[in-house]
Every structure is written in C-alpha cells, then in structure tokens.
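Here the structure comes first, spelled out in structure tokens, and everything after it is commentary.
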There are 6 protein chains.
Amino acid sequence: MTLPAATRKDGRAADQLRRIEFERGFTRYAEGSVLVSFGDTRVLCNATVEEGVPPFMKGEGRGWVTAEYAMLPRATHSRSPRESTRGKVGGRTHEIQRLIGRALRAVIDLEALGERTIKLDCDVIQADGGTRTASITGAYVALADAVRGLLAKGLIAASPIKEGVAAVSVGIVDGQPALDLNYDEDFRASVDMNFVVTASGRFVEVQGTAEEEPFSGEELDALRDLALSGCRELSALQRLALED
Amino acid sequence: MTLPAATRKDGRAADQLRRIEFERGFTRYAEGSVLVSFGDTRVLCNATVEEGVPPFMKGEGRGWVTAEYAMLPRATHSRSPRESTRGKVGGRTHEIQRLIGRALRAVIDLEALGERTIKLDCDVIQADGGTRTASITGAYVALADAVRGLLAKGLIAASPIKEGVAAVSVGIVDGQPALDLNYDEDFRASVDMNFVVTASGRFVEVQGTAEEEPFSGEELDALRDLALSGCRELSALQRLALED
Amino acid sequence: MTLPAATRKDGRAADQLRRIEFERGFTRYAEGSVLVSFGDTRVLCNATVEEGVPPFMKGEGRGWVTAEYAMLPRATHSRSPRESTRGKVGGRTHEIQRLIGRALRAVIDLEALGERTIKLDCDVIQADGGTRTASITGAYVALADAVRGLLAKGLIAASPIKEGVAAVSVGIVDGQPALDLNYDEDFRASVDMNFVVTASGRFVEVQGTAEEEPFSGEELDALRDLALSGCRELSALQRLALED
Amino acid sequence: MTLPAATRKDGRAADQLRRIEFERGFTRYAEGSVLVSFGDTRVLCNATVEEGVPPFMKGEGRGWVTAEYAMLPRATHSRSPRESTRGKVGGRTHEIQRLIGRALRAVIDLEALGERTIKLDCDVIQADGGTRTASITGAYVALADAVRGLLAKGLIAASPIKEGVAAVSVGIVDGQPALDLNYDEDFRASVDMNFVVTASGRFVEVQGTAEEEPFSGEELDALRDLALSGCRELSALQRLALED
Amino acid sequence: MTLPAATRKDGRAADQLRRIEFERGFTRYAEGSVLVSFGDTRVLCNATVEEGVPPFMKGEGRGWVTAEYAMLPRATHSRSPRESTRGKVGGRTHEIQRLIGRALRAVIDLEALGERTIKLDCDVIQADGGTRTASITGAYVALADAVRGLLAKGLIAASPIKEGVAAVSVGIVDGQPALDLNYDEDFRASVDMNFVVTASGRFVEVQGTAEEEPFSGEELDALRDLALSGCRELSALQRLALED
Amino acid sequence: MTLPAATRKDGRAADQLRRIEFERGFTRYAEGSVLVSFGDTRVLCNATVEEGVPPFMKGEGRGWVTAEYAMLPRATHSRSPRESTRGKVGGRTHEIQRLIGRALRAVIDLEALGERTIKLDCDVIQADGGTRTASITGAYVALADAVRGLLAKGLIAASPIKEGVAAVSVGIVDGQPALDLNYDEDFRASVDMNFVVTASGRFVEVQGTAEEEPFSGEELDALRDLALSGCRELSALQRLALED
C-alpha cells in the first residue's frame, strides 16, 4: 500500500506528525513536569515520586509506576462535566490511565526502582485528538526527569529505565492510512489504532478498533508501518528534549 | 515462525482451541440466552431487546447494541468482592464491556435494527482465562437468537446482522505462540493479545499487551495468524450451534 | 381451615411444593457450590471459606457466617439494572441478604467454627417467586459441603452444624392458603409469609406481610401449619441431596 | 404459658407497656408532627403532604404513603456515624423504613387519598429499644393529623384512613415472654418479634427472629397474644391523643 | 448610622435578639446535650467525647474538636430530601460544619484536652433563620457540659476552655441594619453577615455576603457593632444557662 | 496601626501584591480563557457560555453564573488525591466554588444576560497561597472575554457587567498585617481574611478566620484597609489586561 501525496486538510503528508513540543519544568513542585504538545493537543504530565508501594506489593523489594488521566472540563469544544462532580471516574478514563501505566512499566526495571512509587498525572489542557498517545509520550519525559532527581539525590545507584517509550495514533481516514490523527481525522476515521513502541522499535501495546468497517490484514500492516516510523521520530524528539 | 508440537500442560497443540460449547435457551425469559464454555471458562450471555434507544440517539431511526459484563464473586479461585457492594464498576469491567459492545456493533446494521436496543449481559459463572473472548463469542449467538425473535414477530423485515463475529486470545507462553490461553497460561504469558474477527476474516479489534518484554513484528505476525485460524473455527462452531 | 382440592393454575395441591432440585458442585472453585431449583426459580449458592473474621469480632475465638444476594439482570421477565451500575445495593437486596445470613447462623455453632468466615453468595439465575427461600434452602446445602471440606482437611475436629435449616413461602391466594408461591401467585396473594424452620421443626424466622387486607389469627395459624409441613419436606430433600 | 409476676428489671409486669406519650404539634411546619415516647425511646414523626405521586404511579388516580427513618448520631449510648457522611443508607435503615411505609399503607385507602403523597419522617432522638414500633405508632398519629388538615382544607371529602394501626415488640427474655422490650431486654432476648396490628386486631406485619435459639410453636403463640394485647392498648392511647 | 425605632415585622428593635433558650440535658446519653432556641429556630446540639484523635494527629498529645451539622427533612416550610438518601453531603452543609468546628476550636486549648476528640452534632429540628449561629452558640454550651464531665471523672485536671464563644447573624434588611435575622428577614436582606465572637469581645470568624448590592465600609461598621452587642448578650445568657 | 518597613521573607512590603499576570486566550475552545498568576500561584480560568439555565430558573428570563474549582493533584508540594478518584467533592472545594460564583454574580445583571449560563472553571495549575482570590480575579477577566464574545455575536445588546470585581487575601503574619499571602505566610498567619471587592471599592464578600488567636476590632480595620488598597490595584491590572 503506497501512501498518497499530501491530501490531509491541515496540509500534512500521510506519514507526518503534527508539531511536537516538550516544555520541561512547567510546574515547580512535581519531580518531573512536562507540558507536551501534539499540535493543538496539550497535556500536562506531572511525575510524583513517593516512598513506598501499594499494600499488595509491600516487602517484595520492587517499585511501582502508575498513572492517572483527566481532561479539564473545557479542554474540548463543548464543556464536559467533571468526573469529581459526577462522583465517578468513567470507563474511557479508566481505560486510558491503565494503558499509560502499562506503557511506562514496560520500560522500567521495577526492582531497580526500589520500594517507591512514581505516579504520572496526565491532565489534558486542550484536546485535539491523540490525548492518550501524547500523554504516554510526555509522561515518559516527566518520568525520566523524576528518575534523574532520584539519581542526583543518590536514592538509586543506576537508572531503572531500560529504554524510551513513545506512542502514536494511526488510522484509515478517507480510505487512506494516516499518522497522528487530529480530532477531525479521528472522528472521520473508519479504523483507529494506537501503538506504544519502545525506542528499540518493539511493541508494548497494539490497540485497533474498526469504527465502521472491519479491516483487512493488508491495512493492519500499513498502519503498523506508519506507527513504527512515527514512534521512531517521537523517540528522537524525546531524547533531544531530555538533552536540553 | 513454526509452531512446536504439543508442549502445553493440558496437552493441547499450540493452535488448538479448548472444548467450545454453546448451550442455547439456558434461561427462559431473555430474548436470547446462551451459556458458552471455552474449557472451564463459562459465561452466561443473555440478550434483552428493549424498544427505544438512549436519549442521545433519539429520533435518528437507528438502533443500539450495548453490553454489560460481570463476574460472580466466586467465579475465581479466591472470592472477589461484588462491584455493587464496592459501589462502583471497576476499570477492568468498564474496559471489557465497552469492548464487547463495540465488537457486536461492528457486525450489526443499526439502521436495519430500527429504534430499539439490544443489551447483552455477560455474567461469568466460572473463570479460567479468556472471559472476554468467550463473552463476545457467546454474546453473538445470543444476539442472533434475539434477532430471530424479532424476525419471527415481524418487528423487523430482514436481519440486521451483516456477518458473524468471534473472539479469541493468543499469547507468547514459555517463548512459544499459543491459542486460547487458559488462566495458568495467561498468567505466565509474556505477551497477551485479543483479536475480534468477523466470519469473513476481517479485524474488528486488535489488542495486544507486552506483560514482560516488548514484542517484535515477527511475533505479532505469528500471533495474528493463530488468532485468524482460531476465529475461523469459532465462527464455524457458532454457525453449527445456531443450526440446532 | 381445611385446604381445598387442587385449584392452583399449575395443578399443584395447596400444600404441594414445586419440583425441588439441588445440583451440587455446579462450579469448581467454591468450597460449596449448589444450583438450587424451586420450579423455575434457580439460584446459584456458592460457599466461600476464608480464614479470619470481620474486625469487630477479632480475637473472640468465634467464626462468622454471612451472605450476599443478587439477581442477574435478566433473571426476570423484563431486565432490571445492575446494582453495581446504579452504584448502590437496594433496600430489598439488603433485607434479603441479612435474612439469609441470620437463618444460617441460627444453626451454626460459631465457636466450633473457629475464627473463620463462611460467605454464601446467592445469585439468582432465574426468578419465578420465592428466591429468598430457595436461597436459604440451597445455601444450607452449600454450607454443609464447605463444612465437609473443613472436616476433610482437618481444620476443624467436629461439625459446627447443629441441625439443618430450610425456608418456604406461604400465602393467601384467591382467598386460600397455599404453599411455595410462584411469581404469579405471589403477585396475586393478599398475604405473603416466609418461614425459616430448622430440621427439628422450630422457627428461626417468621415474616408475614398483609399486601392488601390485614389477616386474622386463624389465617396465621393455617399458614404456619402449611409452612411447617413444607419445611419438613425440604429438610428431607436436603438430607437426600447431601447423601449423594 | 402463664405469665410470671413482675421480674423485669424496670419493675414492669410481663404484659406491661412502658410509659407511652404522644406530643402533637412538636414542630411548626410539618402537616403532622408528633414526638412519640415509648419510655426512653423518643422518635420525632413528621408527616409531609405533597401533591403528586412517584413517576411509576402517575395517572392512576391513587395516592402514596411512604416513610424514611434515621437515628440522630447520638441517639444511642455511643455515637454512630451519620449515613449521609458514609454516603449510603444502611441495610437496617432500609428494612425499617420499608416496614413503616407498608404498615401505614395497610390502613389507608390510596384511592380516597387522591394523587398525593404523604411522607412520614421518623427521626430517632433517643433510642432505648423498639424504635421501629414507636415509629409506626407515632407516625400513625402524625398521619392522622395530616389527613385532618386535608379534610379541613376541603382537598379530600372523606378520610382515607380505614382504621388505626400500632406496633409493638415482644420477646423471650430470660426464658419468659415479655412485652415492649427496652434496649437492655432486647439485647438479652433469645427471640425478638415485632407485630403491626390494626385497631380491629388484625395483623399487618409479623416479624420474628430467633437470636440464639429457634423457638417453638407454643412460644410463638404466647408472643402473639402479648402483642395483640399491647397493640390494643396502644390503639386506645392513639385515639385518646387524637381527641385532645 | 443610627438605628431606627422598631419597624421589624415581629416587633423587635433593630438591635434586639429573638427569645433565646438553652434546654440542657435534652437527651440522656450524650456527654453534653442542649436544645437551643433562637426564636423558632431550634437546634439539638449533642457533644460526644471519644478517646483518641484522627489518624493525622496521633501521638502529638493534642486533642481535637469537630462538628457535624444536618437539618431534619421537615425542619423547613417544605420538605428537603435527606443527604443520606442523596448519597452525599452538600456544599452548604460542609461549609457550616467546618465553621462550627473552627469556632469551637478557637476557644479550646487542644493540648489541655489531651488525645481525645469532642464531636458536636448539631441537628436542626426547626429552621427559621440563623441555624448556623444558633448551632455554634448551643454547641458551646454542650461542649462546656462535656468538659465538666471530663473534669468530674478526673480525666483532665483543668478545663481546656479558654473562654466562651457565641455567634449571631446581622444584615441589612429593608435598607436598615438588623440583629439576629429570622428566615423572612434573611430572605429579604441585601447583605447578610455572621459573626463569631468570644466572651471577651474578640472576633473568631467574620463572614459577610452581599446578596444583592455590594456594601460600603460604613455599613460594615454598623453591622459589626450590632453583632458585638448581640454576642455580648448571648455570652451572658450562656453563662446563666451553665449556672443552673 | 502603621505598617512596618519590609520584613517579609520574599522582600515585599506589607502592602505589596505579588507579581500579577493575566494570560488571555490560554486555551482555544473556551469563550474566555485566562491563566492568572499571583506570584507562583497559577490558575487556569475558563469561561463557558451555554444557552439555557438550571431547571429551577427556567422561564424567568434571567441568566446564571456559576463556578467550579479544582486543584491538579500536583499543584501542591506533595501530591493530593483527585476528587474524582475519591468519588466526592470535598468541603473546601465546595466552599471555594460557591464563593467564586457568588462573587461574580454580584457584578452581573442576570436579567441583561438573558436565559443563558456562564460557567467559570478555575483549575489550579500551581498553588502557592491565595488560590481562591486568584481564581475570582482571573475568572472575572475570563467572564469579561466571554461577554465580549456574546456582544460581538449580537446575542446580547449591552454588557450585563455592572462593574469589575477582584479579590485578595490579607492576614496577620508574625504579628503584622500583610497583603496577598503566599503559602508560607498563610501557614504562619494567626488571622487569615479574604476580601472580594468591586472596582468601585464596595464589599461583596468578607471572610475572616482566627487561626490561632481571636482578633480585635483594630486588627480587623487594618486588614480591611490593606485589602481595599490591594483590590484597587488588582482592578486596575484587570482593566489593563482587558485593553490589550
């Protein structure tokens, strides 16, 4: 399947990411604080280091990495009610925060972390598609900053990070595979996939959903290739951001 | 990647399903009622037809298909507390019931269904791995029975079912790809994937998670092939069950 | 008050139980697992043994027996929403599960049980009246199986069961006393009572409600006699089931 | 079974009620407001008349009577947490408020009431046993006052009250049947029953629980007789209170 | 700003309190129990002494004083639903109970109290404006009674009460400052303030809200003076009540 | 009471505000979006305009202005759990969002607004004291932007804003009155007040709490004067920000 020349509404090529930015140190108190932008999607990723682990893990000498995800009420075109006001966390939120946690744990050596917990809070300030992939990609950078703090304080001797991790969405839009969908593309996509990929190009998570029409093996292959190339680029940008 | 000869604890070949059974008409009142077994995993799938659709869809002339999923407290080795007692539905439950609903909607022509809702209640009586894939596979049969009832009563003129749908889990267990994991295999798997596939062999959902080690493109391909062959077999068994 | 010849819609005599069945070992993991049927009413009663007691009883050397009750959403003619989804357990559920717990504790020597808890989960698969009496009657059999397991493992030296316990509903239907009401009779009954009676014919619980008209002492006596004879028969059937 | 001469700690005969008082008009705004005392048990029973009925009854031309029950946190010897703070209404509360509602509906002609709702709020100010029976007995008086208001305003032409209703507890204490148990007796009772009886001496509710030992038919008869005589006296006191 | 001659509907002068009453020992079990009346506003204030403090204060050698506030459903002209039924405590309730707690802690030496907690339950029996100020004023008297009990039992050597505290509402009604507003005045007030003042005339809390029109510094001064004089009178009445 | 020369830790004079900034248009979708900074306290204030009003106001021809307030989990030195996860909105949050709503409604002519609702979401990104006063001050600017949008679209003919409104905290720190407390000062303050003041210098809200010691009338006067001067300056800065 060959990719067509640019036909995307925002002028991007099929295999082109939106403008990616990482603003480290966005807030003062968190051990890692990154405002990540995937185009108009902006997520504040704060890493908190806490001594100790959840009760079910106590005494095993291993650490834990977990995540919470939320949208500010007016991150979207029309306002959505707060989950605190509705008194419960919705299914979509649960799904996303479990995904972020799994993605980050896949690249962390929990034993090397020691009995401490790193919590990643991903709060969506503005949503234009791909909030979960931006969250994972930004949270990795916040996590890396938190780990540097632990190393600087001598609390751990070596970094527990095995390699980097990034995530990107892909989909079939107007019959064509496309990388890093914005809200408008995501809405029109007949297939929507999210890939979480390590810096070494291996898969951590693969999630694909046929929104309208089931998809073929050939389409699956094309989307996978797009995602791999997108994640390679995101990994490079993460490294760059962490060098500043 | 060639599959090894049988080394699975329960004697199955790598590409062999557990014993699959569909007991239709398990309860009296539901419009479709199927007790599905994937080996020791048993799920009661009841389909309820209700006139009308959720408020946000009213007046659009389209129907809706949705699902709820739960485990009986003692479906598992040790008892787990009821979600009703804890006062909220957990993240894993949300994730699974959203998946079941999407899987079934992918093969239903909602306009042909008319402004009515079909609810699939999937209650796990006994859990030995693969409860979500058994739920989807059994719920399809219950849904088909409910649709037959609508046809028999003349409420709809033609079946809104576009084709069948089934689901199966695959994973890398002890370094080898394997089909339809039981609890013990699922627990030991380094990669765990669920595929939802239509009777015509196209993908509705692809979900893969690296539990320990990220996985390669070659492994992804091997798991996909196993899942396609497993779902082909499940589709045939569904057809057989519906012929009785 | 003499009982009339059979005028019940389903052909039963006034003092006749529905077909009673106990299917032991219905699921694999529970320490006791019984699918009990009172006609079309079917309840899965699972007994779970857990070491330890609730905090308020710790260190007193006594055990605890408790119960939870729920209906599957489509146990009834029309679907009822899950209590987990509504976020709270309703008043009727509370009332029934407290009743089941009290009924079973009445025949258990909690000191002989030791500091462990037996939980009875009664999940109604299909409801046609009398779900609470079927639950008590089936739960006793599951409890007896769980106690046998404790004895077999040598965890207790002697059975803490003092005697058997069973329960049955009675009511005034179409002006006549009747035993073991099905849903249709229960709906039409002007008086509705539930009796929990030990194998030795003594009362554990007596609950009667005038649905329409208050009832006289004579009617109360007639209903009591019916219930005593029904429970005598149920006790015999429980013994038989436990001999298999 | 003959009743023994007074051996009760508070000097009462076995068939003697505690001091009963009804203070009508205890608060200003409720359509009926009665502070009822059964000895040291004091319950404020407020009746509220609201036009309209719950949605499931609309358009049927019938009214509704319902009740809510609560204890002030320090009604008891040691403080119990508020149900509002715990975020849910407990099982015992549900059970009691359903009982109060059923008891009052049994003596009301709902059609004669018209499409309006009378809510009885029973708030326990001080608890010394028998709060549910005091609630029913006091709520009837508040209800009667609310009905008088409706008649006075010409909203209904005739009283929908068919007859009075009262309730009392009985039990086997120290091996002897006793009427109207206080907290200390209730705590020590081996059998505990509540009877709701109309002014004409017919039964609305019978609830008996063996706390320790199952009880015999002879004991049941003795308790029933005690309750009938106690309720006869309570009915007379209600009439007197309503004449003031 | 001079106060006008009596123009208030109920005949009071601008600086005149309603009839104030304290009925000590209103219930039997609480360590302090006061039914306070500010005219038709009646609040039952019960003090409970519990050994121990909340977890976050353990081991610091200091005590804690806290409050809960609620209205009976029919304390008001029309019935309001219970917060227990709605499953959560509303914002207004939270605000008031936090205020009561702070007010009382301001006059208590928490170290002298030792590691024990005094809880003040303020339950509004009848509401005619000023329920929060009546609650504080009555709760102080209940607290004083509870402290006397601790002294009498020798659990503390000296009273931890530094001085008395009382509270009153003031407002601009019909353009004129007025003291101790009833519901009707409160409803019409353009400015509504609550002052919590110690027996020595110092401020613990000042809360003012412009309901309609923002208010000037001159108005603020006039309201403050009214409140100071009202609280002086309330302090004297508290002392009197505690002398009985 | 004369103010001392600069002794504040951060070098500010007693009557000096922190650095105040308004970043308008911080997000794209909200009708008004302002990131306000009071030193290190940063709050994102988003205004949403929705047609219609809450049910209890329908058909009265008046609009509504309301607010919600929340802190991101890591806005503070140590992470605080999300209110959505805890399943309820805490007392402090309720108190603050009610305050913000009242403050803004005081300067809005609700009739001129028409039957529409403006919701102000105040989400604290970083907290260093004074989050509620920063929220009110920033929310006013977001509200003004939203009103401009309504005017620009011709949905309203004239601005419903009667005048500006701002808020500031004051307190007695180390025995000295001080303006606009940061977290460290707030923590040490013996008295803590918040004033909400209109652009014309009149009071909308006055809230003062003695944290340790009750305070005198003289201190109250000194704090009021500081607050008036601080709010005058804030009003000028709001006007400037809105001119850009």
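Lettering of chains follows the sequences in order, A, B, ..., and the numbering in each one begins at 1.
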Interface moiety of [X] toward chain C, non-hydrogen atoms closer than 4.5 Å:
| X | answer |
| --- | --- |
| D/Arg224 | side chain |
| D/Leu99 | neither |
| D/Thr198 | side chain |

Considering all heavy atoms, the nearest D/Val204-C/Phe215 contact
O-CE2, 4.2 Å

Residues D/Ala210 and C/Phe203: closest non-hydrogen pair is CB-O, 3.8 Å

Most heavy-atom pairs under 4.5 angstrom with chain D, which of C/Asn194, C/Val197, C/Asp221?
C/Asp221

Quick check for you: among [options], which has the greatest number of heavy-atom pairs under 4.5 Å with chain C?
| options | answer |
| --- | --- |
| D/Gln97, D/Arg102, D/Arg105, D/Glu163 | D/Arg102 |
| D/Arg92, D/Lys162, D/Glu213 | D/Arg92 |
| D/Ala106, D/Ser200, D/Gly217 | D/Gly217 |

Could you tell me if the side chain of D/Glu205 sits less than 4.5 Å from the side chain of C/Gln207, heavy atoms only?
no

Once you measure the plane-to-plane angle for C/His94 and D/His94, does it fall in the parallel (<30°), tilted (30-60°) or perpendicular (>60°) bin?
parallel

